[in-house]
Each structure stands twice: as C-alpha cells, then as structure tokens.
Protein chains: 2
Amino acid sequence: MQFEEAKNKFVQTWGALGSQWGINKTMAQIHALLMVSKEPVSMEDIMQELQISRGNASMNLRGLMDWGIVYKANKPGERREFFVAEKDLDELATKIAKERSKREIKPALKVLKEVSAVDADNSEEAQHFIAQTKKLYDFVSSADEMIDKVTEYKDNWLGKLMMKILR
Amino acid sequence: MQFEEAKNKFVQTWGALGSQWGINKTMAQIHALLMVSKEPVSMEDIMQELQISRGNASMNLRGLMDWGIVYKANKPGERREFFVAEKDLDELATKIAKERSKREIKPALKVLKEVSAVDADNSEEAQHFIAQTKKLYDFVSSADEMIDKVTEYKDNWLGKLMMKILR
DNA sequence: AATAACTTTCAATTATTTTTGAAAGTTTAA
DNA sequence: TTAAACTTTCAAAAATAATTGAAAGTTATT
C-alpha cells in the first residue's frame, strides 16, 4: 500500500468508528488526520484533504479543542493558524476519560442518586427499582473512580506493575 | 419523588445517555425499562410505556438480544412473549465489552495493522505515519486485552484484591 | 385446515444531525 | 484607519438515522 492510500484508509476508518461511538464523523476524521501529521496542519489543508467546507472545519476544530485534544499552533512568519493533535496516547486517553466523566458520568450519577431516593412505598416494583438503581449508582461510580485511579497510577511503580500484570 | 415519576426520569436519562454513546435512544430506553422491571415485560407494555410503535419495539428488542443483554421469557399459560434484561451489572459490562471488542475494536486493529505496514518510502511524513499508527495499534490492543483480563480476574482472589486497590 | 393471536419486516415518512456557504467578525500589517 | 487575510457564526439545505404502520410471516388453538 502507498502512503497516501494508507493515510486515507486510516482517516476514513477512524471517522466511521467515531460515528459508532457518538462522535461526529468529521470530528473523528480531523483528529485522525492531525494524529498522523508530523507538522501542524492549516485549516485550508484540512478542508482540502477531507473535502469539507470552511464552516464545518472550523466548528469541528473548535469541538476538538474543547475536548482538549487538539491545540492551535503558530508557525513563525505565518499569519494563519495551524493545528496539532495531542499525540501522546496515554495523555489522550486520560483527557478523553476525564472529559467524558465530567460531561456524562457525573450528571448520570446525579440522576441515579435522585431517582434511587424515590419514596419507598411498599410495592414490590418500587422496592426493586430502588435496589436496582442503587446498584447501578455504585457500579457506575466505582467504574468512574477506577478510571481516575488508573490514569493516576500510570506514574508510579505499583501502578505500572499492576498494568503489567493486568495486560 | 413518586415511583412513576422516578422511573420515567431514569428511562429518559438513560435514553439520552445512549444517544451520546452511539446507541439509539429507544434501544437504551427499552433496556432501562427492563433493567428496573421486576417482572418480565410484554411488547405491548413496552409500546405503551414508551409510546412507540410495534415495529420500533420489535426491532430494538431484537437489537438488544443480539447484544446478549436482553432475553425472551415465557410466562406460563401466556401466549405472547415477555422480555427481561440481564440485571447482573458485572455480567452486563462483560457482555457489552466483549461485543464491542468483537464488532469494533478487532476490525479497527486489523485496519491499523494494515496501514502501519505501508511501504516505507523515505519521507518524514511516511515515517511519522508508520510510527504513530504502530503506537496506536499497541495502545488499542493492550487496552482491549486489559478489558478481557479485568473481566476474567473478577472471579479470582488476586483479581478481586486488585479491583479493591484500584477503586 | 382454518382462524385467531401474536411478531417481524420493510418501504415510506418523519425526526435528527450534519454540512454548507456567505455574511459578520476579528486580527494583523501597511 | 483602511484594507487584506483570515476565522467564526448560523440559517437554510442536505444527509443520515429512526420510526411508523400495514402487509406478510409465524405459531398456537380449535
């Protein structure tokens, strides 16, 4: 396979995968493109390579920057802006995990706590509802904490050992 | 909050969350409904509670069964079919993880391996592409393996200890 | 073997999400 | 301060995804 072909295939695949994970296709493609680009890329180039409009490029780049996984980069002597992706994968995973936790898990936990505090009338249905939503709360909140811990532990020897054993 | 209100809020929230994770809203809602229902639920009741059509209910139930997280249940003496959700959360997480691995991670890994085997011409760009996609392959494949291991380890003492420490 | 009770399928419709592109906004340089 | 170079915004259009509902398909009952 030739370089351009491979690059294209990678970008397309990553985009399709993004859709399945609730990320819009273009955003995932831009991210993929930046991930494999050595040099910062201009908006013009992104539009060109992905065949998308200026507005689309602009909005999705903004989205990626909100996630904290793409940055602006200035090339000396150049007027326009260039973009680079966070390329360190541990760092990337950490940022995505933290952000999803903040945006989705935390609010979901709030709702779980609320609904599991429903007035316990004596119906079996209500009892079961309470038990089940409580279990769900515990489960989701320890999964959430665990992700925090795993990202922290990456830096110390015990954590690294665990990662070794686990994988 | 009253039971019906709480139940409704839970179902709605879970549905909205589903959308953000690439699962269609109705599928997530049906699953939520079944999760908190003590007794098996008929298709009629699902349609009623979620205000959806028969076809919609049928297709999404099929989808949930394909994921292996909802089963058919027969009530003695009843003609029609009833449905129950997998309610054990460890089991649920394991099934989802395994299925996503099969459907999405494995095919993505295949593509990563392919594209990282691109003809190494001497351009810096191509070199970087190869390095980056290789790293990505390693990262994704160890994350994938780790998930496997975590679900296995749940059953033995060492695993349980680790889970304790991690959380 | 006919009918009733129920489920699945799928083409057409409806709803949601994404994309476009041109106008408005911003920043730099002369 | 003006103009050129560039970016953002957002209403309208296009693309995609979900939903409906009725016909076709199944399975159990008489």
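Quick caveat: nothing in here was measured; it's all calculated off a predicted structure. Chain letters run A, B, ... following the sequence lines, proteins first and then strands; every chain starts at 1. Because only heavy atoms are used, hydrogens play no part in the values below, and waters and symmetry mates are left out as well, while side chains stay in.
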- Query: Given atom NZ of A:Lys25 and atom C1' of C:dT19, what is their separation to the nearest angstrom?
  - Reply: 10 Å

Interface polar pairs with nucleotides 6-9 of chain C, N/O, under 3.5 angstrom:
residue : atom : partner : partner atom : Å
C:dT7   : OP1  : B:Glu81 : N            : 3.3
C:dT8   : OP2  : B:Ser58 : OG           : 3.1

- Query: Does B:Arg80 pair with B:Glu44 as a salt bridge, N-O distance under 4.0 Å?
  - Reply: no

- Task: Mind calculating the distance between CG (A:Asp45) and P (D:dC6) to the nearest angstrom?
- Result: 12 Å

- Which pairs, with at least one residue in residues 77-108 of chain A and sequence neighbours excluded, count as a ring-ring contact (aromatic ring centres under 6.0 Å, His included)? none

- Nearest-angstrom distance from the residue atom NZ of A:Lys75 to P of C:dT28: 18 Å

- Using whole Å, report how far CG of A:Asn74 lies from P of C:dT27. 13 Å

- Between A:Asn24 and D:dT16, is there a side-chain N or O to OP1/OP2 distance below 4.0 Å? no

- Item | Pair A:Lys95 + A:Glu99, salt bridge at N-O below 4.0 Å | no

- Task: Please check if the side chain of A:Ser58 supplies one atom and the backbone of A:Arg54 the other of a donor-acceptor pair under 3.5 Å.
- Result: no

- Message: Using 30° and 60° as the class boundaries, would you call the ring planes of A:Phe3 and B:Phe129 parallel, tilted or perpendicular?
- Response: perpendicular

- Message: Does a side-chain N or O of B:Asn60 approach OP1 or OP2 of D:dA18 to a distance below 4.0 Å, or not?
- Response: no

- Message: What is the separation between atom CG on A:Leu61 and atom P on D:dC6, rounded to the nearest whole Å?
- Response: 16 Å

- Mind calculating the distance between CE (A:Met47) and C1' (D:dC6) to the nearest angstrom? 11 Å

- Message: Donor-acceptor pair, distance only, cut-off 3.5 Å: does the side chain of B:Asp119 make one with the backbone of B:Asp121?
- Response: no

- Message: Could you tell me how far apart B:Gln51 (CD) and C:dT14 (C1') are, to the nearest whole angstrom?
- Response: 17 Å

- Message: From CG of A:Leu50 over to C1' of C:dT19, roughly how many Å is that when rounded to an integer?
- Response: 13 Å

